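In what follows, chains carry the letters A, B, and so on, assigned in the order in which the sequence lines appear, proteins first and then strands, with residues in each chain numbered from 1. The model shown is predicted, which means the values in this text are computed figures rather than measured ones.
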Protein chains: 2
Amino acid sequence: MKALIRITLKSGVLDPQGKAIEGAVRGLGISNVGDVRQGKFIEVQLNETDQAKARAIVEQMCKDLLANTVIENYAYDLVP
Amino acid sequence: MKALIRITLKSGVLDPQGKAIEGAVRGLGISNVGDVRQGKFIEVQLNETDQAKARAIVEQMCKDLLANTVIENYAYDLVP
């Protein structure tokens, strides 16, 4: 099973990387772009077939290691 | 419309960040974790309601700016 984890800054937290991308996109001549936010994407291969156990592992990883829950949100999908 | 863009290293490209996460996860006592790959996740607000036009904008952004297509793949979803 594979976990696809997305870690994003909470709304309200300044995102200078996102702002830089927004500026660069406009520099490309694309004008109909609004807010841009950059986060992290992490793909984890899990040696676990049980959906509930896999979910517990990913939750623990996100909370204890991958995301700073003061300023970041995490979300994930489990795919076979 | 919002574009959710995932940029990942192509398979075969070394990913030291992913390896570091893998080591840290094992350090947490989680053993049933295999390969870990880190990528980027970018959320873009598009002022565009036409699906095809939005797709064209996102393709251009990914190819010209966000992804280094020599070593990276990109994928995206459009959500309302």
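Heavy atoms of other residues, nucleotides or ligands lying less than 6.0 angstrom from CD of B:Glu72 number more than 12. For B:Lys10, the NZ atom is densely surrounded, since the number of other residues' heavy atoms within 6.0 Å is greater than 12.
Contact of the A:Ile42 side chain with the B:Ile21 side chain is registered, since non-hydrogen atoms from C-beta on lie closer than 4.5 Å. A:Thr8 places a side-chain heavy atom less than 4.5 Å from the side chain of B:Glu43.
Considering every non-hydrogen atom in both B:Met61 and A:Val33, the closest pair reads SD-CG2, 4.3 Å. Of all non-hydrogen atoms in A:Lys40 and B:Phe41, the two that sit nearest each other are O-CB, 3.6 Å. Pairing each heavy atom of A:Gly34 with each of B:Asn47, the nearest pair is N-ND2, 4.1 Å. The minimum heavy-atom distance between A:Asn32 and B:Glu48, with the atom names listed, is ND2-OE1, 3.0 Å.
Under the 4.5 Å side-chain heavy-atom criterion for grouping Ile, Leu, Val, Met, Phe, Trp and Tyr, A:Met1 is connected to A:Ile57 within one hydrophobic cluster. Both B:Val13 and B:Val70 are part of a single hydrophobic cluster, where members link through side-chain heavy atoms under 4.5 Å apart.
Here A:Arg37 pairs with nothing under the salt bridge (Lys or Arg N to Asp or Glu O under 4.0 Å) rule; sequence neighbours left out.
In this structure, chain B has a heavy atom under 4.5 Å from the side chain of A:Ile30, while its backbone stays farther away. Neither the backbone nor the side chain of A:Leu4 comes within less than 4.5 Å of any heavy atom in chain B.
Of the residues considered (B:Asp35, B:Val44, B:Ile7, B:Leu28), B:Asp35 shows the highest number of contacts with chain A, using heavy-atom pairs under 4.5 Å. Note on A:Asp64, A:Leu46, A:Leu65, A:Leu66: by heavy-atom pairs under 4.5 Å with chain B, the leading option is A:Leu65.
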